[in-house]
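Here's the structure we're looking at; comments come further down.
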Amino acid sequence: MNHKIVSYMLGRIMVTEGLLMCLPLAVGVLKKDNVSVMAFIISILVALGVGLFLASVIGKKEEEMMLAKDGFAIVALAWILMSLVGALPFYISGEIPSYIDAFFETVSGFTTTGASILENVELMSRPMLFWRSFTHWIGGMGILVFVMAIFPHNTGRSMHVMRAEMPGPIIGKLVPKVRETAKILYLIYIFLTVVQIVLLTFGDMTFFESVVHTFGTAGTGGFGVKIDSIGGYSAYSQWVIAVFMVLFGINFNVFYLLLIKHFRTAFKSTELWWYLAIIAGATLFIGIDIYSEVGNIADTARASFFQVTSIMTTTGFSTVDFNLWPSFSKTVLVILMFIGACAGSTGGGIKVSRFIIAIKSIRRDIKKMINPRSVASVKFEGKALDSTTVNGVGVYFAIYFILFFVLLLLVSLNGFDFETNFTAVAATYNNIGPGLAGVGPMSSFAAFNPFTKIVLSFAMLLGRLEIFPILFIFAPFMWKKKS
Amino acid sequence: MKIVIAGCGKIGLTVIGSLVAEGHNIVAIDSSPEVIAEITNLYDVMGLCGNVADSDILFEADVSDADLFVSFTGSDELNMLSCFLARKMGAKNTIARIRAPEYNDHSLSFMKQHLELSMSINPERLAAHEIFNLLKFPTALKIESFSRRYLEIVILKLKEDSFLDGIKLSDLRTKFNAKVLVCCIQRGDEVYIPDGNFVLKSGDKIGITATHTEFQKLFKGAGHVQKQAKNTLILGGGRVSYYLADMLTNIGTAVKVIDQDEKTCEILSEILPKATIIHGNGAQQELLMEEGLLNADAFVSLTGMDEQNILISKFAETQNVPKVIAKVNSDELTSMAEKLGLDSVVSPKKIVSDMLISYVRALQNSLGSNVETLYKIMDDKAEALEFNVRDDFAMAGVPLKDLKIRKNILIGGIIRDRKTIIPGGNDTILVGDKVVVIAANHRLNDLSDILV
C-alpha cells in the first residue's frame, strides 16, 4: 500500500466531511440550538484538523502511481474514518450518550442503511436529525465520487477508487474522464433530489420534513423523523416517496442516456426491465396476500407498492408495520432484501444485474451438462460478457453468503430469536434498515449489546462497499509498504 | 476535445498516452477485452470493446460528437472503413493509418478525397523519411524540418573533442560566420533554453535551428562535416526498409537489404530493382562482414525486434561504421539504447504521436495563430513548434528585443516569403510569417501564449 497517497486522499475526505458538516451547523444556528452548534463546531474542527494533518503532514501530493489496492484501501479506510468522525456530533451533544451507539447510527447513515438505535426518534433535536439524514445523502452516491468531482484531479488512475466505491459487477464511465463522470452523476443526483423536495412540500410535510425525507429517499437510506416513519403522512406524500425510491434504485447510466437523448439504448437496459418487473410482481403478490386485512384496493396497492419499493431499493421507510403481515408477504420482503436495487444506483443488496448474470450463467451451464459440446456465452445488456465478469459474479455470491453466515453466527451470540437475528443481519448487510420481529419497522436496534452493534456496523460497511474493500483491510498484504 | 481512438496497438497506446497528458477526452475502442482493461487501468479514458467498424460501437462511442476520429488498427481497409463510417456519422475530422505501399502511391489522394479523410498516416514511411534525412546529414542525431524544409532543427551530441566545446553562444555566429541559433541544450537530465552567455561543454546534447546550407557552412567552416552516406546496409526487410531503400536508390545511393525470409526477399527484389537484396540471417557476424559492413557508410537496423536492433547496431558501432541508426519502438528500450551510447534511434510511434499532437493543437485553435508543426525533442522535455502568424497577433511589427517573452521560450526562426530569418533582437514578427518557437515546460496552443 502506498501510505502517502492513501493518507493524502483520506485527508482530503476529512476536510470535505468537515465542510459538509457546516450545513447542519447552519441548521443549528437557524434553530438557535446552542448545544448542537457547539457539538458541530467541535466536530468540524476535529475533521479539519485530522484532515489537514493527514493530507499535508503524512501524505504527499502525489505524482505517484495509485494501484488497485490503494483504491480499495482508500475507500475502506475513508468510510470507517468518516463514520468515526461523523458520530462525534451525536456523542458530544449528548443526544446519543454511548459512542458505540453514535458510531452505529452514523455508519447506518453513511451506508444508507437506516437501521437506528433510537427508541424514540422524535426526541432528537432538529440539527441532529438533519445531520443524520444528510449522511444518507452523502453516502448514497459516495463521498469519494464527490471528492473526485470537486477537487482538481491529478492521477489518471482514480478509476480504481471509483470502482471500489460504486456498486455493481461492471463499472463503466459515462464520459471519458473520471472527474466529468463523477460530476454528471452528482448533477443527476442533485437534480432528482431538488425535484423530490419540491414535490414533497406540495403535500402535508413541512419544508424541513421534506428535505430530510428526500435525503432518506435519495440515498435509499430510510432515516425518518417520526416514530412511525412515513405512516402518518398523506397518501400523496407516500406515493411521491415510493416513486422516487424506484427512481433512485435505477442505474444512473439510464438517466444519463436519457439526458443525452439516447432513448432507445436507455430503454433497452435489461436490468431496468427486470427491476421493474420484480417490483410489479412482488407488489401484486403481496397485494393479493394482504387485501383481506386492509380491505380496500387503493390502500392495499399503496401499502404493498410502498413496502416493496422501500425494501427492494433497500431504503427502509415504512408506512405500515409489515411485521404484522402474513408470513408469505414477509417472506417475499426478505427475498427482496437480498435482491436489492440496480447496479450503479444508490441502493444496496446483491443487485439485480448480478442475479441476471447468475441466472443466465446457470442456464448456460445446464445446457452444457446436457450437451457437453455446446458453446454458449452469457449475454447481458446485449453484449457477451467475458469470463472474468461471469466468474466475478459467482465469486461474489459465494463470499456474500459465507460472510452472511459468519455475521449471523456472531449476532446469534447475543441471544435473540432466529427471525430477529436473521433479519437484523439481512437488513444491515443489505443496507435496508428495519427487519422483522425484534428489529421490525416499529422497533429499533437498541436492544443489542455493543459487540453486536459493532458487528452489524461492519455488516453495513461490507454491504455498502460490496465486501472486498472492507475485507482487504484485514488482509496483511494490504499493509506491506512495497510489493 | 473529444477524440475517439480506434485500435489500440503499440501506436494507438502511445498516442492515447500523449493525448491524455494534453487533457483531452478520449474514447478508446479495441477488439480485445484485455487491451481495453489495461488501457482503462492505465489512463483516464473510456474504453469500449468491439469491432471498430461496427456502427453500434461507433454510436456508443458517441462518434457523432467527436472532434477527431483516429483509426490505428492493423488493417488499412478496416481503418478506411471505420473512418468513413465515423465521418458519415458526424465526426468532424478523421485520420486513418494507411501503410500498404500500393495505397500510398498516386491513388492516395483519390481515396482521401472520397473517404473524406482529414489525413492519412503512414508511420513506416514517416520513419523511413526521418532515417533518410539523417543519412543525408549524418552528423545529426535527429533532424526535424519546418515549412517544407526552409528551416531545420538539428539535434547534435557534442563529442569529447568537439570544436564547439567551450564556446560561448554569443560568439558562435561571429566565429564560424554561419547564421545558426543554438536553441536548447540537454545536459544530464536538465534541459536549458539558453541565452547568449551560455557556454557549451562536450557531452551536451544541443538543438540548432538554421537552414540546411547554413549548417553545411558551420560544419565545413570547422572542417567537421561528415559526408552524406553513399553506401548503406539495411537489416530487415519490412515496410520501413522498403520505403527507405526506395528513397535512397532514387538519389543514387547503393543499398543492400538483408532479410531472413526468402519470400520477403523475393518480393523486395521485384519492387526494388536497384537495390541488392540478400537472403540470410543478419544476426550472424560473418554474414554482416561478408556483405561489407566494414565498408558501409551507414548501417540501419530495422528488424521487428527492438532488442536485436539495439544489439546489432551496437556491434556495428564497434566496427567503426560511420553512421548507425536503429529502429526502437519501446520507450523503455529507447532510453536504454541511448544510455548504451546508441545515438540515432528512430521510433515510428513517436513520430506519429508528435504528428497527432500538433494536429490536435492546431484543431483546438483553428482561429488564432495556430500550431502548424510540433516536435517533441530532448527526451520529450522540450517542444519545437511552428506557428502561422495571423492578424490577431498583437505584437506584429514589434522588435523581438522589446517583446516580453516568458521564461524558457525562445524564437528559433522566422520564415517570411520563402526566406528564413534566424532572428536577432532587431527582427520583427509580421502577419503572414511562420514562426518556430522552442519551449520547455510550456504547453503552447497559440503564438500569443509565448508572451508574458
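In what follows, every heavy atom counts, from backbone to side chain, and hydrogens, waters and symmetry copies are set aside.
The shortest side-chain heavy-atom distance between A:Asp386 and B:Glu34 does not fall under the 4.5 Å cut-off.
For chain B, the nearby part of A:Thr265 is the side chain; its heavy atoms alone come within less than 4.5 Å.
B:Lys381 NZ: more than 12 foreign heavy atoms inside a 6.0 Å radius. Counting heavy atoms of neighbouring residues, nucleotides and ligands inside a 6.0 Å radius, atom NZ of A:Lys368 exceeds 12 of them. Open room surrounds NZ on B:Lys10; 12 or fewer heavy atoms of other groups in view lie less than 6.0 Å from it.
Of all non-hydrogen atoms in A:Arg179 and B:Asp44, the two that sit nearest each other are N-OD2, 4.5 Å. Taking every heavy atom of both residues into account, B:His24 and A:Lys177 meet most closely at O-CE, 3.4 Å.
With chain A as the partner, the residue from B:Asp65, B:Val27, B:Ile26 showing the most heavy-atom pairs under 4.5 Å is B:Ile26.
Interatomic distance, A:Ile260 CD1 to B:Asp62 CG, rounded to the nearest 0.5 Å: 5.5 Å.
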